[in-house]
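Here is the structure we will look at, set down as structure tokens.
Only heavy atoms go into these numbers, but all of them, side chains included; no hydrogens, no water, no symmetry mates. Residue numbers run from 1 in the order of the sequence given.
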Amino acid sequence: MKVLVVGGGGREHALAWKLQQSESVTGVYVAPGNAGIKEFATAVAIPADDISQLKQFAVDRAIDLTVVGPDNPLANGIVDEFQQAGLKIFGPTKAAARLESSKSFAKEFMARYGIASPGFAVCDSANEAIRAVESFGFPTVIKADGLALGKGVVIAHNLQEAEQAIRRMMEERLFGEAGSRVVVEEYLQGTECSVHALVDGQNYCLFPTAQDHKALYDGNHGPNTGGMGAFSPSQTLSARDLALIERDILQPFLRGIQAEGITYQGLLFPGLMLTKRGPVVLEFNARFGDPETQALLPRLSSDLVELLEATMAGRLREVTPHWSSAASVCVVLASRGYPDRAETGKPIVGLPEVAALKDVLVFHAGTREQESRVVTAGGRVLGITAVGDSVLSARRKAYDAAGMIEFDGCYFRRDIGER
Ligand code: AMP
Ligand code: GLY
């Protein structure tokens, strides 16, 4: 079968890498892909959010399965459009993806089904939002309702910061329509973590734990990024926490989507806070995490195509994925300026040497080919993933490999996988 992966980051490189290992797969296309996937797949020059061109491509090439990486095409209904054209595609429909693409929808859904999440107010005007902030006290959390490239969340410590954030989102429309509505939220303290689960509408299948590092600098300082690295397994979640997550989040989630007639088939990746009153949902993601996926998939020994097909057919109950007991660590190499405006076009040195290392995988993210050289093309450039007997041993291998890569302005955290 021929598979199309939509997206061009490290997550999509890891998905494509794992999919092409499946015996049933004869060809992999990635749109738009990056310089790294060219070794085993075909990069297709269609942006991930150009749904009609992607659909045309899938029809023309008789693609048997499409797997969607990023949130945007899901929120814009790529799954619905492909399905209407009779194409098989992995991911939730537009209606189901609203659990990620509308924070107010997700909050109200959680409230209806007793899923713990921070106290909140949905506000349709700046004045309303400011009144809500005053009633919550500080710090308080202000979230653009829609998708905002992971930048739509502000933790305000005083009224001035809150007002500024609200005006930027609601009046200056920093995130466009995504900020026409905001959610003001109670600030929670605790330990952040997340889980990944396949959901087929009736059942779920939990992945092993993985954890990312969102802050730019070591020790979790500095601005939030898409993720500067990840490791698996994570020691943060105890067996008891996981049991609570299943009982108090995943099971009510399933009851909720069924009660509302939402056909949710795809990956569910809730961002959680472990608090004294148990696990609390900060957000739902309707897709694989990046870089979490780069740490998780090298540990999967089962066939990914079979798992995705079982999910799409509502047969998750019949499959049991196998995961290796090895640990993995993914260190993201970013370009100077990330997460704001990152430098691009810098030649990358050391890729063939690192590719030859044992237990090391290089997933490309922001790279492209220029005059037969690989150059940087985005904020997160590479994800260097290593596997080992323990997180410690995987860390050593990942950092040894990362140290062999050079490009102007290369930056990475030194504490990925450290507790
Ligand atoms: P989100 O996109 O909703 O996961 O929010 C991005 C980040 O903001 C999270 O990873 C947390 O670090 C932080 N955050 C979001 N909501 C809250 C909250 N209610 N209390 C404390 N921190 C939060
Ligand atoms: N690493 C966080 C995310 O993918 O949203």
Side-chain angles (χ1 to χ4, degrees), residues 9-11 71 103 118 138-144 147-157 161-162 164-165 168 174-175 185 187-196 209-237 269-275 279-283 285 288-296 328-343 363 365-366 376 378-385 391-392 394-395 398-399 402-403 409-419:
R11 165 184 51 205
D71 49 13
K103 302 250 183 205
F138 296 98
T140 195
V141 188
I142 298 153
K143 299 185 174 180
L147 297 178
L149 300 167
K151 293 180 184 170
V153 176
V154 172
I155 295 172
H157 296 89
E161 283 177 19
Q164 189 186 45
R168 280 192 181 151
L174 194 61
F175 310 117
E185 226 176 69
Y187 176 82
L188 290 185
Q189 258 169 331
T191 307
E192 271 191 79
C193 61
S194 65
V195 292
H196 277 70
T209 55
Q211 196 175 325
D212 79 342
H213 298 258
K214 285 206 174 93
L216 183 61
Y217 304 125
D218 287 15
N220 296 327
H221 298 294
N224 253 350
T225 70
M228 292 301 296
F231 61 104
S232 175
S234 142
Q235 290 83 19
T236 304
L237 285 170
F269 159 40
L272 307 167
M273 187 79 93
L274 296 181
T275 70
V280 171
V281 177
L282 296 184
E283 62 166 351
N285 297 297
F288 287 91
D290 193 2
E292 288 87 339
T293 303
Q294 300 180 58
L296 282 166
S328 62
V329 171
C330 169
V331 177
V332 170
L333 273 48
S335 180
R336 189 188 291 128
Y338 180 72
D340 294 327
R341 206 169 297 129
E343 293 178 10
F363 296 124
T376 63
R380 292 192 289 182
V381 176
L382 299 168
I384 311 284
T385 301
V391 169
L392 187 69
R395 272 194 75 204
Y399 276 110
C410 175
Y411 167 76
F412 54 90
R413 274 179 64 160
R414 306 275 164 177
D415 63 348
I416 304 301
E418 241 172 53
R419 291 257 25 236

Would you give the length of the straight line joining atom CG of Asn224 to atom NZ of Lys214, rounded to the nearest 0.5 angstrom?
-> 6.5 Å
List the steps, then state whether side chain to side chain donor-acceptor pair (under 3.5 Å) holds for Gln211 with Thr236.
-> CA-CA 8 Å; Gln211 196 175 325; Thr236 304; 2.6 Å; yes
Please list, chain by chain and in numerical order, all residues satisfying salt bridge (Lys or Arg N to Asp or Glu O under 4.0 Å) with Glu185, sequence neighbours excluded.
-> Lys107, Lys143
Could you check if a side-chain atom of His213 sits within less than 4.5 angstrom of a side-chain atom of Arg413, using non-hydrogen atoms only?
-> yes
Test item: Pro270 and Asn285 side chains (from C-beta on) under 4.5 Å apart, heavy atoms | no
Nearest atoms (heavy-atom pairs only) where Ser194 meets Gly271 | CB-CA, 4.3 Å
Gly378 to Val381 - nearest heavy-atom pair and separation | O-CG2, 3.5 Å
Sorted by chain and residue number, the salt bridge (Lys or Arg N to Asp or Glu O under 4.0 Å) partners of Glu418 (sequence neighbours excluded) come out as Arg395
Shortest non-hydrogen contact from Tyr338 toward Gly226 | OH-N, 2.9 Å
Nearest heavy atoms of Ser232 and Thr209, plus distance in Å | OG-O, 2.6 Å
Would you mind reporting whether Phe412 and Tyr399 have side-chain heavy atoms less than 4.5 Å apart?
-> yes
Taking atom CG of Leu392 as the centre, does the number of heavy atoms from other residues, nucleotides or ligands within less than 6.0 Å exceed 12?
-> yes
Nearest non-hydrogen partners of Ile416 and Cys330, listed with the distance = CG2-O, 3.5 Å
Report yes if some heavy atom in the side chain of Gln189 is under 4.5 Å from a heavy atom in the side chain of Thr275; otherwise report no.
-> no
Parallel under 30°, tilted from 30 to 60°, perpendicular over 60°: which one fits the rings of His196 and Phe269?
-> parallel
Going by heavy atoms in the side chains, are Val280 and Pro118 under 4.5 Å from each other?
-> yes
Can you find a pair of side-chain heavy atoms, one from Val391 and one from Val329, that are under 4.5 Å apart?
-> yes
Using a 4.5 Å cut-off on heavy atoms from C-beta on, say whether the side chain of Met273 contacts that of Pro279.
-> no
Pairwise side-chain contact, Val153 with Ile142, heavy-atom cut-off 4.5 Å (strictly under) | no
Mind checking salt bridge (Lys or Arg N to Asp or Glu O under 4.0 Å) for Glu161 and listing every partner two or more places apart, or none if nothing turns up?
-> none
Correct closest heavy-atom pair for Pro223 and Tyr217 would be CD-CE1, 4.0 Å
